[in-house]
Amino acid sequence: MQLYDTTVQSRLLLGTALYPSPQVLNEAIAASDTEIITVSLRREVASGADGGPDGRSGAGFWDSLRATGAHILPNTAGCHSVQEAVTTAQMAREVFDTSWIKLEVIGHADTLQPDVFGLVEAAGILSRDGFQVFPYTTEDLVVGERLLEAGCEVLMPWGAPIGSGQGLRNPDGLRAMRAHFPDTPLIVDAGIGRPSDAAQAMELGMDAVLLNTAVAKAGDPALMAAAMAQAIAAGRAGFVADPMERRNMAVPSTPVLGLAELA
């Protein structure tokens with residue numbers, strides 16, 4: 001899978017928040033075989049006061065992330081305005097030494113739905129500043145077009161509200177996105193609760209899945225991470241295999257021609 005100028009094998013992106021301990025987080029990352037982990041600037045700064053990269057706080061957390069060998073995808077989680085998101089992205093670039101940024105501009109406090117107007121504006125500002133933007137968006141086709149025009153090369157439509165575990169609330173919308181943007185990497189972000197949800201997203205033709213809460217809040221996060229990885233691989237294989245169309249009527253799997261006729 002090509003994401004900007006980086007090629008990865010795993011189609012599972014894993015968040016690093018909400019885990020009961022750093023050890024459990026590391027076990028989940030290892031079990032998932034992910035090559036990309038997301039982290040918020042707020043999470044890194046709040047992780048400790050013992051001097052992080054270049055004297056910043058959160059050194060222990062930062063060191064544990066680097067030790068995984070995964071690519072770091074910082075995010076602007078919790079930002080509700082264009083200026084807040086842009087400033088957070090610029091700070092994250094300095095802290096994590098990457099031009100990647102998962103861009104979130106939240107527009108609704110209860111559903112955490114993206115503010116798509118602010119999202120497009122912030123994406124344009126950051127793209128012109130040299131960022132490679134991964135925008136958390138809706139399945140709206142027009143918004144997707146505007147984000148690509150703003151400089152994005154990846155789209156991250158939500159499956160359902162963040163942390164809800166509801167699965168895919170609008171599979172037809174995601175299917176339409178796949179048809180409308182055949183050459184753009186599409187990563188379902190938010191709402192995945194079970195491995196079956198992840199498999200469904202991949203069967204629709206999505207390129208990858210980003211999830212966090214479903215693994216972090218599972219009874220056994222490492223086991224759930226492994227299950228999600230397997231589901232994503234199976235869903236991708238199912239899509240590539242070109243599954244049969246659904247039918248309204250039964251069709252016998254055994255040919256009728258040649259059957260004996262008993263008098």
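Just the heavy atoms: all of them, side chains too, but no hydrogens, waters or symmetry mates, feed the values below. Keep in mind the model is a prediction, meaning the values are calculated, not measured.
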Trainee: For Leu12 and Thr34, work out which heavy atoms get closest and say how close.
Mentor: O-OG1, 2.6 Å
Trainee: So do the side chains of Leu141 and Glu145 get within less than 4.5 Å of each other, counting heavy atoms only?
Mentor: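 Leu141 vs Glu145: side chains apart.
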Trainee: Is there a side-chain contact between Leu174 and Trp158 in this structure, where contact means two heavy atoms from C-beta onward sitting under 4.5 Å apart?
Mentor: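 Sidechains of Trp158 and Leu174: no contact.
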Trainee: Which residues, ordered by chain and number, are linked to Phe239 in its hydrophobic cluster, where ILVMFWY side chains connect at heavy-atom gaps below 4.5 Å, directly or through other members?
Mentor: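 The other cluster members (ILVMFWY side chains, heavy atoms under 4.5 Å, direct or chained) are Val240.
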Trainee: Counting C-beta onward and ignoring hydrogens, is there a side-chain heavy-atom pair between Ile101 and Arg93 closer than 4.5 Å?
Mentor: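 No, too far: nothing below the 4.5 Å cut-off.
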Trainee: Could you give the distance from CG (Leu155) to OG1 (Thr138), rounded to the nearest 0.5 Å?
Mentor: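 It comes to 10.0 Å.
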Trainee: Between Met1 and Ser10, is any pair of side-chain heavy atoms under 4.5 Å apart?
Mentor: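 Side chain of Met1 against side chain of Ser10, heavy atoms only: no contact under 4.5 Å found.
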Trainee: A side-chain contact here means heavy atoms from C-beta on lying under 4.5 Å apart; do Val215 and Tyr19 qualify?
Mentor: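 A side-chain contact under 4.5 Å exists here.
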Trainee: Looking only at non-hydrogen atoms, find the nearest pair between Pro185 and Asp207 and report the distance.
Mentor: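 Closest approach of Pro185 to Asp207, heavy atoms only: CA-OD2, 3.3 Å.
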Trainee: Looking only at heavy atoms, which two atoms of Arg178 and Leu204 are closest? And how far apart?
Mentor: CG-O, 3.8 Å
Trainee: So which heavy atom on Thr38 is nearest to which on Thr16, and how close?
Mentor: O-OG1, 2.7 Å
Trainee: Within this structure, what is the CG-CG distance for the pair Leu14 and Asp33, rounded to the nearest 0.5 Å?
Mentor: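 Nearest 0.5 Å value for the CG-CG distance: 11.0 Å.
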Trainee: I'd like to know if Asp197 pairs up with Arg194 as an ion pair, taking the criterion as any Lys NZ or Arg NE/NH1/NH2 lying under 4.0 Å from an Asp or Glu carboxylate oxygen.
Mentor: no
Trainee: Kindly work out whether a path of hydrophobic side-chain contacts (I/L/V/M/F/W/Y, heavy atoms less than 4.5 Å apart) joins Tyr136 to Val39.
Mentor: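 No; Val39 is not reachable from Tyr136 via cluster members.
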Trainee: Check the surroundings of atom CG in Asp220: do more than 12 heavy atoms from other residues, nucleotides or ligands lie under 6.0 Å from it?
Mentor: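 Counting other residues, nucleotides and ligands, CG of Asp220 exceeds 12 neighbours.
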Trainee: For the atom pair OG1 (Thr137) and CG (Asp115), what is the distance rounded to the nearest 0.5 Å?
Mentor: 10.5 Å
Trainee: Mind checking the CG-CG spacing from Leu103 to Leu126? Nearest 0.5 Å is all I need.
Mentor: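 Leu103 atom CG to Leu126 atom CG measures 6.0 Å (nearest 0.5 Å).
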Trainee: Start with the C-alpha gap between Cys79 and Val105, add the side-chain angles, then the distance that decides, and say whether side-chain contact (heavy atoms from CB on, under 4.5 Å) holds.
Mentor: CA-CA 5 Å; Cys79 293; Val105 182; 5.7 Å; no
Trainee: Could you tell me whether the side chain of Asp129 and the main chain of Phe131 form a donor-acceptor pair under 3.5 Å?
Mentor: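 Pair absent, no side-chain N/O of Asp129 close to backbone of Phe131.
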Trainee: Is it true that Leu168 and Phe181 fall in one hydrophobic cluster, defined by side-chain heavy atoms closer than 4.5 Å?
Mentor: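 Same cluster: Leu168 reaches Phe181 through Ile, Leu, Val, Met, Phe, Trp or Tyr contacts under 4.5 Å.
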Trainee: Is any side-chain N of the basic residue among Arg247 and Glu245 closer than 4.0 Å to the acidic one's carboxylate O?
Mentor: no
Trainee: Assess, by modelled atom type and distance only, whether the side chains of Gln23 and Glu27 contain a donor and an acceptor separated by less than 3.5 Å.
Mentor: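 Glu27 and Gln23 do have a side-chain donor-acceptor pair below 3.5 Å.
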Trainee: Looking only at heavy atoms, which two atoms of Ala17 and Ala216 are closest? And how far apart?
Mentor: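 Between these two residues, the closest heavy atoms are O-CB, 3.4 Å.
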Trainee: Taking OH in Tyr4 as the centre, count heavy atoms belonging to other residues, nucleotides or ligands within less than 6.0 Å. Is the count above 12?
Mentor: yes
Trainee: Decide yes or no for Met206 and Arg11: does some side-chain heavy atom of the first lie under 4.5 Å from some side-chain heavy atom of the second?
Mentor: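 No, their side chains stay 4.5 Å or more apart.
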Trainee: Check whether any side-chain heavy atom of Pro161 lies under 4.5 Å from a side-chain heavy atom of Arg169, and answer yes or no.
Mentor: yes
Trainee: Quick check for you: to the nearest 0.5 Å, what is the distance between Leu119 atom CG and Glu104 atom CD?
Mentor: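 So the CG of Leu119 and the CD of Glu104 are separated by 9.5 Å.
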Trainee: Closer than 3.5 angstrom, by distance alone: can the side chain of Ser127 be matched with the main-chain N or O of Gly124 as a donor-acceptor pair?
Mentor: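 It does not hold such a pair.
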Trainee: Could you grab the distance from atom OG1 of Thr6 to atom CD of Glu35, nearest 0.5 Å is fine?
Mentor: 10.5 Å
Trainee: Taking only residues two or more places apart in sequence, or in another chain, which ones meet Trp100 in a ring pair (Phe, Tyr, Trp, His ring centres under 6.0 Å)?
Mentor: His71, Phe134
Trainee: Grab the two heavy atoms, one from Ile162 and one from Leu112, that are nearest each other, plus how far apart they are.
Mentor: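 Ile162 and Leu112 have their closest heavy atoms at CB-CD1, 3.8 Å.
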Trainee: Could you check if a side-chain atom of Glu94 sits within less than 4.5 angstrom of a side-chain atom of Met91, using non-hydrogen atoms only?
Mentor: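 In short, these two side chains do not touch, never coming nearer than 4.5 Å.
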